[in-house]
Peer 1: 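Dropping a structure here in C-alpha cells format, bear with me for questions.
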Amino acid sequence: MRKIPMRKCVVTQERFPKKDLIRVVRTAEKTVEIDLTGKKNGHGAYISKSLDTLALAKKNKALQRALEIEIPEEVYQELESIITNE
C-alpha cells in the first residue's frame, strides 16, 4: 500500500491529501501563480478546495502571510473559478 502525501491548508490548518488541495506558489521573480501540477519551483502554500476557505483566506490574508507577498485579486478570482469548476 502506498503512502498518501498529506499537506496542511494554510487557512484552516487542517491536513488533507495533497490532491485535495490547490498549491499557490511565490516564484523567484516575486510573482504569485497557481500550480495545479504541484511541481513548479518556488515557495508553495496549499489551500483547500472550498469557497468558504477561499473567502476566509481573503479576509484574514492567510495566503499573503504564508507566501510573504501581496496576493493579486486575479489570483483569488482564478482560485474561485478552479474551485467552482471542480
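Only this structure's heavy atoms are used, side chains among them; waters, hydrogens and symmetry mates stay out.
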Peer 1: Would you call Tyr46 and Ile22 a side-chain contact if the rule is heavy atoms closer than 4.5 Å?
Peer 2: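 No; the side chains remain at least 4.5 Å from each other.
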Peer 1: Report the C-alpha separation of Glu33 and Thr31 in whole Å, then their side-chain angles, then the decisive distance to 0.1 Å, and conclude whether the side-chain contact (heavy atoms from CB on, under 4.5 Å) test is met.
Peer 2: CA-CA 7 Å; Glu33 299 176 5; Thr31 61; 3.7 Å; yes
Peer 1: Taking only residues two or more places apart in sequence, or in another chain, which ones meet Ser50 in a side chain to side chain contact (heavy atoms under 4.5 Å, CB included)?
Peer 2: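 Side chain to side chain contact (heavy atoms under 4.5 Å, CB included) check on Ser50 returns Ser48, Asp52, Thr53.
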Peer 1: Take Lys30 and Glu70 through the salt bridge (charged side-chain N to carboxylate O under 4.0 Å, His left out) test and state the conclusion after the steps.
Peer 2: CA-CA 10 Å; Lys30 302 284 187 248; Glu70 189 74 32; over 6 Å; no
Peer 1: Where is the tightest heavy-atom contact between Arg7 and Pro5, given as atom of each residue plus distance?
Peer 2: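 For Arg7 versus Pro5, the nearest heavy atoms are NH1-CB, 4.0 Å.
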Peer 1: For Cys9 versus Phe16, what's the shortest heavy-atom pair and its separation?
Peer 2: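 For Cys9 versus Phe16, the nearest heavy atoms are CB-CE1, 4.2 Å.
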Peer 1: For a quick test of reading the model, state the closest non-hydrogen atom pair linking His43 to Leu67 and the distance between them.
Peer 2: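 Closest approach of His43 to Leu67, heavy atoms only: O-CD2, 3.3 Å.
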Peer 1: Just verifying a value: how many Å separate Leu79 CG and Lys58 NZ, rounded to the nearest 0.5 Å?
Peer 2: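 That separation rounds to 9.5 Å.
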Peer 1: Same cluster or not: Val11 versus Met6, using hydrophobic residues (I, L, V, M, F, W, Y) connected whenever any side-chain heavy atoms lie under 4.5 Å apart?
Peer 2: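 No: no chain of side-chain contacts under 4.5 Å links Val11 to Met6.
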Peer 1: Might you work through the side-chain contact (heavy atoms from CB on, under 4.5 Å) test for Gln77 and Glu73, ending with a clear yes or no?
Peer 2: CA-CA 6 Å; Gln77 290 169 356; Glu73 184 61 35; 3.6 Å; yes
Peer 1: Using the rule that Ile, Leu, Val, Met, Phe, Trp and Tyr join whenever any side-chain heavy atoms are under 4.5 Å apart, tell me whether Ile4 and Leu21 fall into a single cluster.
Peer 2: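 Not linked; separate clusters.
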Peer 1: What pair of heavy atoms forms the shortest contact from Glu80 to Leu51, and how long is it?
Peer 2: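 Closest approach of Glu80 to Leu51: CG-CD2, 3.8 Å.
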Peer 1: How close do Gln13 and Lys8 get, heavy atom to heavy atom, and via which atoms?
Peer 2: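 Closest pair (atom of Gln13, atom of Lys8, distance): OE1-CD, 3.2 Å.
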Peer 1: Testing the basics here: between Arg23 and Lys40, what is the closest heavy-atom pair and its distance to 0.1 Å?
Peer 2: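 Looking at all heavy atoms of both residues, the closest pair is NH1-O, 3.0 Å.
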Peer 1: Under the criterion side-chain contact (heavy atoms from CB on, under 4.5 Å), I'd like the reasoning laid out for Ile83 against Asn85: C-alpha separation, chi angles, the key distance, then a yes or no.
Peer 2: CA-CA 5 Å; Ile83 291 168; Asn85 292 335; over 6 Å; no
